[in-house]
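Let me begin by presenting the structure, written as structure tokens, before commenting on it.
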Amino acid sequence: MFIRFDSSAGTFMLARDSALTLIRMMGHSGAVPGAILARDLPPALESLKAGLAALPASPPPPEDRQDTREPPVSLRQRAYPLTDLLQRAIRQDCDISWHQEPGPSRP
């Protein structure tokens, strides 16, 4: 399942677990659907940034060159589209809402 973030400033989808964690970091309950009014975006962005800064640092990539697996994507990296959307919505003075989107169908 995915959470879709919508705003006049843009739209993107994120895996549900990561999205709920980020929504809670913004100071919200994690309820889906949900929204943040334009006037409440600056403190939500600051709360998100503080929450991300408090996360432990990502471990360095393994030095074993035989390990061909991709390194895991950190929550900080997954948060980039949301922080970008919040910044754009603040500049454009528009609200952001989110709701659940179904995942891709499996045959």
Look up atom [atom1] in [X] and atom [atom2] in [Y], then write down how far apart they are to the nearest 0.5 Å.
X     : Y     : atom1 : atom2 : value
Ser47 : Lys49 : OG    : NZ    : 11.5 Å
Leu82 : Phe12 : CG    : CZ    : 4.5 Å
Leu86 : Ile96 : CG    : CD1   : 4.0 Å

Does the [X] side chain pair with the main chain of [Y], one donor and one acceptor, at a distance under 3.5 Å?
X     : Y     : value
Gln77 : Ser74 : yes
Arg78 : Ala15 : no
Thr83 : Tyr80 : yes

Under a 4.5 Å cut-off applied to non-hydrogen side-chain atoms, are [X] and [Y] in contact?
X     : Y      : value
Pro81 : Leu14  : no
Arg16 : Gln100 : yes
Met13 : Ile3   : no

Which pair of heavy atoms, one from Ser7 and one from Cys94, lies closest together, and at what distance?
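For Ser7 versus Cys94, the nearest heavy atoms are OG-SG, 3.3 Å.
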Is there a donor-acceptor contact under 3.5 Å linking the side chains of Asp6 and Thr11?
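Indeed, the side chains of Asp6 and Thr11 share at least one donor-acceptor pair under 3.5 Å.
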Would you mind writing out the side-chain donor-acceptor pairs for residues 19-41 within the sub-3.5 Å range, not counting sequence neighbours?
unit_1	atom_1	unit_2	atom_2	d
Thr21	OG1	Asp17	O	3.0
Ser29	OG	Ala31	N	3.1

